[in-house]
Amino acid sequence: MSKIKNYADLEAEKLRLMALLRNHEEAIKADVANVREGLKPVNHALQVINKMATRDNRVPVMNFGLEMGIDILIRRMLLGRAGWFAKIVVPYLIKNYTSHFIGDEKKEALMNKVRNLFSKLRPKPAPVKTEVYRAQPAP
């Protein structure tokens with residue numbers, strides 16, 4: 001780095017520093033991208049843990065059916081001889097995870113099927129006859 005003696009030297013130094021700044025910015029962006037890539041497995045594990053700890057309550061009818069099935073299958077059949085702790089914790093985690101398992105499209109398709117079923121079961125009201133009053137022509 002030489003001393004700046006005139007305006008042209010100042011402009012040259014400014015361009016050099018701007019280029020150096022761009023190089024450092026690109027290096028930082030590359031480092032951040034590498035860190036994000038390295039943290040993907042941790043992020044995935046945290047998402048799974050979050051799904052096990054929370055329940056998706058957007059479709060309560062489906063969750064009710066899942067809970068009933070899990071209670072019967074897991075708690076009573078598979079964990080029939082297990083201790084009380086396993087009978088409480090394992091079904092809880094499975095219920096939470098399965099509430100997130102089905103995608104939004106499948107949830108919407110399931111809800112449409114339930115709506116269609118209920119619309120078929122509901123009695124349809126009888127059509128009401130309406131008489132239209134027409135003026136009689138004058139004699």
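All values below were derived from every heavy atom in this structure, side-chain atoms included, with hydrogens, water molecules and symmetry-related copies excluded.
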Practice item. Show the numbers, then the answer: is there a salt bridge (Lys or Arg N to Asp or Glu O under 4.0 Å) between Lys29 and Glu26? Key: CA-CA 5 Å; Lys29 285 180 184 177; Glu26 289 175 9; over 6 Å; no
Let me check something: do [X] and [Y] share a hydrophobic cluster, defined by ILVMFWY side-chain heavy atoms less than 4.5 Å apart, either directly or through other members?
X	Y	value
Tyr97	Tyr92	yes
Ile70	Leu93	no
Leu20	Met18	no
Leu73	Val89	no
Phe85	Ile88	yes

Separation of [Y] [atom2] from [X] [atom1] (nearest 0.5 Å):
X	Y	atom1	atom2	answer
Met77	Asp71	CE	CG	12.0 Å
Leu78	Lys87	CG	NZ	11.5 Å
Leu39	Leu46	CG	CG	9.5 Å
Met52	Thr98	CE	OG1	10.0 Å
Met68	Lys95	CE	NZ	9.5 Å
Leu79	Ile94	CG	CD1	7.5 Å

Revision key, fill the gap. With sequence neighbours left out, the residues meeting side-chain hydrogen bond (donor to acceptor under 3.5 Å, both in side chains) with Gln47 are none
Exercise for review: State which residues pass salt bridge (charged side-chain N to carboxylate O under 4.0 Å, His left out) with Asp9; sequence neighbours excluded, sorted by chain then number.
Suggested key: none
Exercise for review: Taking all non-hydrogen atoms of both residues into account, name the closest pair between Asn112 and Arg115 and its distance.
Suggested key: OD1-NH1, 2.8 Å
Exercise for review: Identify the heavy atoms of Ala86 and Pro91 that sit nearest to each other, and give their distance.
Suggested key: O-CD, 3.4 Å
Check your understanding: When you check the gap from the basic side-chain N to the acidic O, do Arg75 and Glu67 get nearer than 4.0 Å?
Key -> no
